[in-house]
Amino acid sequence: MGGVQQFSQVFLDPAIINQYWPAIAGGLRVTLGLAAAIVVVGISAGLLLACLRCAGIRSLNALIIAFADIWRALPPLVVILIFYFGLPGIGITFSAWMVLFLTLSLVLAAFSEEIFWAGIRAVDRGQWEAASASGMRAITVLIWIVLPQAMRMSMPSLTNRAIAITKMTALGTVIGVPEILYQASSAQSFSGSATPLTMGALAYVALFLPFVILGRWLESRMNWRRH
Amino acid sequence: MDNFVDQFFNLDLMWQSLPLLMKGLGVTLQICVVVIVLGGLGGLLLAVASDSRRLWLRWPTIVYVDFFRAVPPLVLLIFVYSGMPFAGVNLSPYAAVILAFLLNNSAYYSEVYRAGLQSIPPGQIEASRSTGMSRLQTMTWVVMPQAVRNVLPDLLSNTVEVVKLTSLASVASLGDLLYRADMTRSMSYNSSPIVLAALIYLILLWPLVRMVSRFERKQSQ
Amino acid sequence: MMHESMSSLSAASTVGTSNPFPILELIGLRKVFGQQVVLESIDLKVRPGELVCVIGPSGSGKSTMLRCCNRLEEPSGGQVIVDGTDLMDRRTSIDRMRQKIGMVFQQFNLYPHYSALGNVALALRLVKKMSRAQAELTALDALNRVGLGERAGHYPHQLSGGQQQRVGIARAIALGPKIVLFDEPTSALDPELVGSVLEVMRKLRQIGMTMLVVTHEMAFARAVADRVVFMADGHIVEQGPPEQIFQSPIQERTRAFVEQRH
Ligand SMILES: Nc1ncnc2c1ncn2[C@@H]1O[C@H](COP(=O)(O)OP(=O)(O)O)[C@@H](O)[C@H]1O
Ligand SMILES: [Mg+2]
């Protein structure tokens with residue numbers, strides 16, 4: 001019993017929780033706001049790039065592919081450090097927020113471009129041909145026939161990616177964006193207690209567990225139908 | 001323009017910092033190998049356990065996997081690295097990094113493998129069992145080879161994520177590639193060392209990223 | 001071995017005079033899924049060299065009964081005795097018994113990552129502990145018997161449905177089983193491919209293989225079966241020689257079913 005008490009004193013001290021939960025809640029708001037902006041901008045940009053790729057202009061496609069590859073291969077933290085510490089040296093100064101937003105949006109754009117592109121390619125060629133044969137222009141076919149199907153196929157991967165990117169907002173800590181982890185670790189050093197870290201971790205769990213469980217539920221329903 | 005080149009592509013500085021960065025790369029690769037091998041094995045066991053019919057095995061596994069997929073790896077790392085000492089558990093940076101990444105990655109690998117296991121039609125398992133092959137033999141010779149092949153793109157892209165993940169080790173002051181690059185940057189007030197680190201990551205990961213795309217294309221056809 | 005031969009003697013004593021050693025015997029078999037009773041008091045004997053066909057409407061429990069015979073489905077009650085051994089006995093090694101009970105599936109269930117030869121040889125190596133060469137020789141022999149010796153190196157996706165099913169049969173007979181269970185082996189096949197599979201089954205019968213066959217191929221049952229079992233709603237309604245079942249059934253339900261299927 002003593003062990004449990006000691007443990008909860010270190011990791012779940014009620015006094016500390018009381019004192020710091022507003023800070024953590026503030027961090028949660030920042031995380032959510034940033035995540036929403038990144039997801040909207042990143043996915044839109046990815047969709048746009050995937051559509052541009054459909055035009056089949058060779059030099060443009062090479063650029064898009066290079067963009068997607070590079071941003072999928074680079075660790076985001078590396079990019080964040082370059083933007084945050086390097087750009088001021090050439091006279092461009094972004095706030096920590098902006099650096100985090102830009103980096104993660106670019107990464108998400110790269111991933112979602114690949115996901116949408118895979119979805120578009122998976123749509124049966126016959127669909128393009130049938131629609132084109134009925135006199136529609138390519139752009140019309142893309143928007144009204146192909147994209148809706150591609151989107152549906154892309155949904156699961158896209159959701160996973162969006163969640164992964166939202167988790168990466170924790171990297172903002174390194175450059176001082178006041179999101180959950182930043183609030184939690186500064187509260188930890190102020191208070192000299194590990195409790196704020198637990199609170200931070202639990203805040204993330206509260207944020208993401210619903211998605212994880214929803215995913216599991218959807219999957220079990222799909223399996224149900226398969227049998 | 002000159003300013004830009006000097007700030008990001010100062011070749012002299014890059015050349016000078018190269019030996020240090022190579023040392024860091026060694027540490028990075030070492031972490032990768034440990035996390036990929038142990039995380040992969042752990043994930044495999046977790047996947048089998050989370051598909052088990054025994055509830056006492058299944059539910060704790062699912063809780064573990066879901067929990068560690070919900071917590072961002074950096075949060076986990078900071079918790080292990082600077083939270084655990086409050087409970088009297090002092091881990092070296094190396095042990096903290098490995099532990100945090102393993103907790104995180106075994107959960108991810110487990111989901112990948114589980115998808116693979118579920119991609120095998122139950123009829124094949126029945127066919128195999130009907131010839132007298134044991135559960136283990138069926139797993140080893142019928143299920144696993146196909147399951148792994150079916151999720152190869154996901155295994156590969158998870159591996160890319162592991163390599164990128166190791167850059168977080170720098171937060172725990174472990175002397176990995178990014179840590180050393182950032183140290184050189186802060187001493188020289190110049191970003192070229194980090195750009196060099198980025199290039200090294202690119203050289204390492206671009207081929208893998210290409211392969212992931214290639215695989216995914218093949219599967220969707 | 002001792003244990004098996006002794007219990008086959010005791011099993012034999014419960015059987016009638018004509019054929020003392022049934023290969024397969026179901027006694028009072030019962031199976032429930034949750035609340036639903038799927039099989040109730042099933043009694044069935046299959047004697048050496050017999051080909052018994054099971055017919056009946058879909059959902060009547062034919063597959064479930066067949067799958068209870070090698071415990072792919074766990075019976076809820078009753079006995080399953082194969083070659084004198086009680087399958088439900090805790091001391092019985094089910095993996096060892098399954099070598100004696102071949103099974104052929106409606107959907108073939110071949111392993112896509114092995115060639116035809118590999119599909120047949122796998123259990124020979126792992127279960128019978130044969131050397132690679134010996135296993136392949138035995139497997140090739142089985143493939144020859146289903147007329148696919150030429151195709152040994154082909155992978156399942158390179159074979160037609162009928163050929164795949166014949167590989168399935170080869171996989172089942174290669175282990176030298178005492179009985180082979182067939183669950184609608186031709187139902188997933190295009191009509192023009194059905195014949196080749198039935199032909200193989202006919203040949204197996206000629207060499208004295210004991211078979212229990214769930215099928216919708218009435219013509220086959222009529223021409224080849226020694227006995228036909230009609231099932232409905234989890235019961236065996238009637239069983240007897242094909243002439244009885246198809247021409248002068250005793251039960252009204254049998255007549256209705258048979259007439260509806262020409
Ligand atoms: N795994 C299972 N779980 C629940 N019900 C089942 C299962 N397998 C079969 N059943 C039910 O048992 C009944 C008999 O099924 P089955 O043996 O497949 O019939 P048949 O082969 O004669 O068409 C059906 O009502 C079916 O829905
Ligand atoms: Mg059936």
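All values reported here derive from a predicted model rather than from experimental measurement. First the proteins, then the strands, lettered A, B, ... as listed; each starts at 1.
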Are any of the side-chain heavy atoms of B/D6 and A/I90 separated by less than 4.5 Å?
no
When rounded to the nearest 0.5 angstrom, what is the spacing between CZ in B/R210 and CZ in A/R72?
6.5 Å
Please classify the contact of A/I163 with chain B as side chain, backbone, both or neither, using a heavy-atom distance under 4.5 Å.
neither
Exam field: side chain B/N3 to backbone A/G89, donor-acceptor pair closer than 3.5 Å:
yes
Any side-chain heavy atom of B/W206 sitting closer than 4.5 Å to one from A/L74?
no
Given heavy-atom pairs under 4.5 angstrom as the criterion, report whether the side chain, backbone, both or neither of B/I194 touches chain A.
both
Check each atom of B/Y108 against the heavy atoms of chain A and say whether the ones under 4.5 Å are side chain, backbone, both or neither.
side chain
Can you pull out the residues in residues 196-214 of chain A with any heavy atom less than 4.5 Å from chain B?
A/L197, A/T198, A/A201, A/Y204, A/V205, A/F208, A/L209, A/V212, A/I213
Identify the heavy atoms of B/A87 and A/F11 that sit nearest to each other, and give their distance.
CB-CE1, 3.5 Å
Taking the side chain from A/K167 and the backbone from B/L74, do they hold a donor-acceptor pair closer than 3.5 Å?
no
Give, as side chain, backbone, both or neither, the part of B/V171 having an atom under 4.5 angstrom from any heavy atom of chain A.
side chain
With a 4.5 angstrom heavy-atom cut-off, could you sort out which part of B/V160 is near chain A: side chain, backbone, both or neither?
side chain
Spacing of OG belonging to B/S191 relative to CG belonging to A/L81, to within rounding of 0.5 Å
8.5 Å
Are B/I62 and A/R216 packed together at the side-chain level, in the sense that at least one heavy-atom pair is separated by less than 4.5 angstrom?
yes
Chain A shares the most heavy-atom pairs under 4.5 Å, among B/R185, B/R69, B/E111, with B/R185
Counting only non-hydrogen atoms closer than 4.5 Å, does B/D182 touch chain A with its backbone (N, CA, C, O), its side chain (CB onward), both, or neither?
side chain
So, for B/G83 and A/A194, which heavy atoms are closest and what is the spacing to 0.1 Å?
O-CB, 3.8 Å
Closest approach of B/S170 and A/L77, non-hydrogen atoms and distance?
OG-CD2, 3.8 Å
Minimum heavy-atom distance between B/L202 and A/A73, given as atom pair plus value:
CD2-CB, 3.8 Å
Given a strict heavy-atom distance threshold of 4.5 Å, which part of A/V78 is in contact with chain B: side chain, backbone, both, or neither?
both
Pairwise side-chain contact, A/T195 with B/F86, heavy-atom cut-off 4.5 Å (strictly under):
no
For chain A, which of B/S82, B/A181, B/S192, B/A115 has the most heavy-atom pairs under 4.5 Å?
B/S82
Heavy-atom check, side chain of B/L178 versus side chain of A/P75, under 4.5 Å:
no
Residue B/F79 versus chain A: region with a heavy atom under 4.5 Å
both
Can you list the residues of residues 174-190 of chain A that sit under 4.5 Å from chain B, counting heavy atoms only?
A/V174, A/L181, A/Q188
Check whether B/V65 gets within reach of chain A through its side chain, its backbone, both or neither, counting any heavy atom under 4.5 Å.
side chain
Would you indicate whether B/R58, at its atom CZ, is surrounded by more than 12 heavy atoms from other residues, nucleotides or ligands within a distance under 6.0 Å?
yes
Identify which part of B/L168 has an atom lying under 4.5 Å from any heavy atom of chain A, answering side chain, backbone, both or neither.
both
So CG of A/L171 and OG of B/S167: to nearest 0.5 Å the spacing works out to 7.5 Å
